[in-house]
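Beneath this line is the structure, given in C-alpha cells, with notes to follow.
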Amino acid sequence: MALNKHMRGQGVVISVPMIWMILLFLLPFLIVLKLSFSEARLAIPPYAPFLEWVRGLPRPVLHWNNYAFLFTDPLYVASYLYSLKVAAVSTLCCLLLGFPMALTIARARQPWRNVLLMLVVLPFWTSFLLRVYAWIGLLKHNGVINNLLLWLGVIHQPITMLQTDFAVYVGIVYSYLPYMILPLYANLEKHDPLLLEAAADLGARPFKAFLRVTLPQSIPGIIAGSLLVFIPAVGEYVVPSLLGRSDQLMIGRVLSDEFFENRDWPVASAVAILMLVLLVAPIMLFNHFSGREIEAHK
Amino acid sequence: MKRSGAFPWVMMVLGLLFLYAPIISMMVFSLNNSRLVTVWDAAHSPTLKWYGELLQNDEILDAAWLSIRIAIIASTGAVILGTLTGVALARFGPFRGRTLMVGMTTAPLVMPEVITGLALLLLFITLQQAIGWPHGAGFITITLAHITFCTTYVAVVVQSRLAGFDESLEEAAMDLGARPPTVFLRVTLPLVVPALVSGWLLSFTLSWDDLVITQFVAGPGSSTLPMVIFSKVRLGVSPDVNALATLMVLLVATGIVVSAIWMNWQNRRRERDAQLAAAANL
C-alpha cells in the first residue's frame, strides 16, 4: 500500500483543500486578531498599521484599548450576556421539542421513518431568511395568531409578540430545530431495542426505562445537537434583526453595526475575538463530538 | 417498536405544525389581494397579481440571476474541494495535519456567520492592499466566500458516505493491479456520487440563501437575492416577497422529492446488483 507514488497522490488530495482552508479560514482569523489590537483612524483603511519600524526592525504595536473599551461600556457586556441567555434558552427549547420528535422518527416503522425525516428536513432546504420573515406575518399586532385568538375569544386585546424576547426564541428555535433533531436522530436510531425490552422484562415502566436506558445512551447526541444550535445562535443576526427588540441588541448585530455604521473596524474585530473566546470551549467540544454524531447528516 | 407512548407523537405533530404553519400562512397570503399582508381581502382573493408584479421587478430578477450564477460556481467549487477533504479524512488514515483538517472542516459548521463574514472581508481587503487582487468586492469575493463555507458541508456529507463503506473494495481493486488514480476514479468516486449530488444541492441552497456572510463581502455594487429581500422586509412585510417565497418553497420541495425518488431508485438498483452478484457466485 505505502508506495511512493501513492503517497504523492495523497499529498495532492490533502494539500489542495488544506491550502484553501488555511488561506480562507485560518488566515482571516489571524487578520481579525491583528486588527483587534490596532488603533482606529479616519483613513482608508480605517486603522493604524500593526507593525512599527524601530531601527530597521519591525515591532508589533499592541493596543489593548479596544478590549478595555468593550469592558467599560456597559452596552457591550449587556449584549454579550443577552446573547448567551437567548442562545441558552433557545437551545433548551430546541432540545425539549426536538428530543421527542427525534425519538418518534427513530422508533417509527419504514416508510414512515423516511417520510417524517423528510418532513423535518424539508424546511431546512428552503430559505432561512424567508422562513424567519414568515413569522412577522404570524406574530404581528394584527397578525394571524392575534386574529385567530381574538376570533376564538381567547383574548380580547391583541398581545404584543413581535419585537420581544419571545419572538426571538420562536425564530431561533424554528430555524435551528433540524440541527437539533438530525444528530439526535442519528444517535437514537442506533440504540438497540432489545435493551428496552430487557428493561420492560425486568419490570421497568416505559418512563423509567426511558430515563435509565434511552437517555444515558443519547447524551453524545444531546451534546452535539445542543452545540450545533447554541454556538451559531450566540452570533445570530437575522432573527433578532427581524423579530427582536430594538432596545437590546444581540452581539452579532452589535458587531455588524460597529463595522458598517460606526466604521470602527478595530472595535468590531475585538467584539469578534471576544465572542470567539467565549465560544472556543463549546467549539472544541463540538469538534470532539461531531466526528461520531453528525455521521448521519442528511 | 411499540410502547413508546402517545407523548412523542403529540410532540411530533406539534413540532411539524410549528415547522409548517409559517410557510403555509405565507403561501396563503401570497394569493391575497390586499397590500395589508395579514388582512384577507375576501372579495378580490385569491389572486396571482403579486406573482405578476414579481416578474416585472427588475431589482429582484437581477439579484436572483446574480445569486444563481454565484450558487452554481460556488457549489461546483465546494464539491471539488469538499470531496478531496472528505476522501482524505475517510480514507487516508492518520496523516500529518489531519487534526488541523478536522478542525477546519467542523469549526466553520458552527462558526457564527458575523465572525466568518468579518474575517473574510478583512482578508480580501488585506489581499487587495498586498497584491492588488481581488479588485474590489463583488462577484469574485462572494463566490470565494461561498465556496469556503460550502466546502465543509460537502466534506461532512462525503466523509459520512465513505464511512458507510469499508475499504475492502478499494483494496480489492489494488490487489487486482489498479493504480491509485484508477482506484479513485473507478471505485471511490462512483461510491460517493449520491453524496456529491446531495452535497452540490446542499451547497447550492446554502449559497443561494446566505445573507450575513454575503453582506460583509459583497461591497456596494452587487446585491444578491437574500440582500434584496432583507432590505425589503426590514421595512415591513411586502406581499411580493410572499409570492417569491412560495415559488422558492415549491421549487425546493419538488427538487427534494425528485432527488429522494432518485436516491431510492439508486439504492434499489445497487441492492439488485448485489443480489445478482451473490446469485452468480453460488
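Order of the sequence lines fixes the chain letters, A, B, ..., with proteins taken first and strands second; residue numbering starts at 1 for each chain.
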Heavy-atom pair of closest approach, residues [X] and [Y]:
{"X": "B:A21", "Y": "A:L138", "result": "C-CD1, 4.5 Å"}
{"X": "A:F286", "Y": "B:T106", "result": "CE2-O, 3.6 Å"}
{"X": "A:M118", "Y": "B:Y20", "result": "O-OH, 4.5 Å"}
{"X": "B:M111", "Y": "A:I283", "result": "CE-CD1, 4.0 Å"}
{"X": "A:L97", "Y": "B:M11", "result": "CD1-CE, 3.9 Å"}
{"X": "A:W125", "Y": "B:T205", "result": "O-CG2, 3.4 Å"}

**Report entry** Chi angles and distances behind the side-chain contact (heavy atoms from CB on, under 4.5 Å) call for A:S127, B:W208
**Finding:** CA-CA 8 Å; A:S127 171; B:W208 167 260; 5.5 Å; no

**Report entry** Leading residue by heavy atom contact count with chain B [cutoff under 4.5 Å; candidates A:L96, A:L122, A:L26]
**Finding:**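 The option with the most such pairs is A:L122.
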
Query raised in the report: Counting heavy-atom pairs under 4.5 Å to chain B, which of A:V234, A:L27, A:L276, A:L279 comes out on top?
Result: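 Looking at each option in turn, the highest pair count goes to A:L276.
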
Could you tell me which portion of [X] (side chain, backbone, both or neither) has an atom closer than 4.5 angstrom to a non-hydrogen atom of chain A?
{"X": "B:L201", "value": "both"}
{"X": "B:T85", "value": "both"}
{"X": "B:F95", "value": "side chain"}
{"X": "B:L211", "value": "side chain"}
{"X": "B:M26", "value": "side chain"}
{"X": "B:L121", "value": "side chain"}
{"X": "B:T105", "value": "neither"}
{"X": "B:V249", "value": "both"}
{"X": "B:L19", "value": "both"}
{"X": "B:M248", "value": "side chain"}

Region of [X] in contact with chain B, defined by heavy-atom distances below 4.5 Å:
{"X": "A:L23", "answer": "backbone"}
{"X": "A:I14", "answer": "both"}
{"X": "A:V170", "answer": "both"}
{"X": "A:L129", "answer": "both"}
{"X": "A:L227", "answer": "backbone"}
{"X": "A:T214", "answer": "neither"}
{"X": "A:L255", "answer": "side chain"}

**Report entry** A:W135 and B:F18 aromatic ring geometry - parallel, tilted or perpendicular at 30°/60° bounds
**Finding:**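 Plane angle between 30° and 60°, so tilted.
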
Requested in this report: Evaluate side-chain contact (heavy atoms from CB on, under 4.5 Å) for A:I105 paired with B:M12, printing each intermediate quantity in order.
Outcome: CA-CA 8 Å; A:I105 302 174; B:M12 186 80 217; 4.0 Å; yes

Requested in this report: For B:V241 and A:L130, run side-chain contact (heavy atoms from CB on, under 4.5 Å): C-alpha distance rounded to whole Å, both residues' side-chain angles, the deciding distance at 0.1 Å, then the answer.
Outcome: CA-CA 8 Å; B:V241 173; A:L130 288 172; 3.5 Å; yes

Query raised in the report: Mind checking whether A:F25 and B:L120 have side chains closer than 4.5 Å, heavy atoms only?
Result: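 They are not in contact (no side-chain heavy atoms under 4.5 Å apart), so the answer is no.
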
Query - Side chain A:T104, main chain B:P8, donor-acceptor under 3.5 Å - result: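 It does hold such a pair.
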
Query raised in the report: Does B:R96 CZ have over 12 foreign heavy atoms under 6.0 Å away?
Result: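 Incorrect, the count does not exceed 12.
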
Query - is_close_aromatic(B:F216, A:F260), centroid dist under 6.0 Å - result: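 Aromatic pair counts; centres sit under 6.0 Å.
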
Report task. Enumerate the residue pairs fulfilling salt bridge (Lys or Arg N to Asp or Glu O under 4.0 Å) with a member in residues 112-135 of chain A, sequence neighbours excluded, ordered by first and then second residue. Result ->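 Found A:R113-A:E189.
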
**Report entry** Qualifying salt bridge (Lys or Arg N to Asp or Glu O under 4.0 Å) pairs with a residue from residues 8-30 of chain B, counting only residues at least two apart or across chains
**Finding:**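 Output for this query is empty, none listed.
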
Query - Selection from B:I23, B:L89, B:V10 maximising heavy-atom pairs under 4.5 Å formed with chain A - result: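 Most heavy-atom pairs within the cutoff with chain A belong to B:I23.
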
Report task. Apply side chain to side chain donor-acceptor pair (under 3.5 Å) to A:W20 and B:T151, showing your working. Result -> CA-CA 10 Å; A:W20 181 285; B:T151 294; 5.0 Å; no

Requested in this report: Give the intermediate values and the outcome of side-chain contact (heavy atoms from CB on, under 4.5 Å) for residues B:L122 and A:F259.
Outcome: CA-CA 11 Å; B:L122 293 176; A:F259 191 85; 4.3 Å; yes

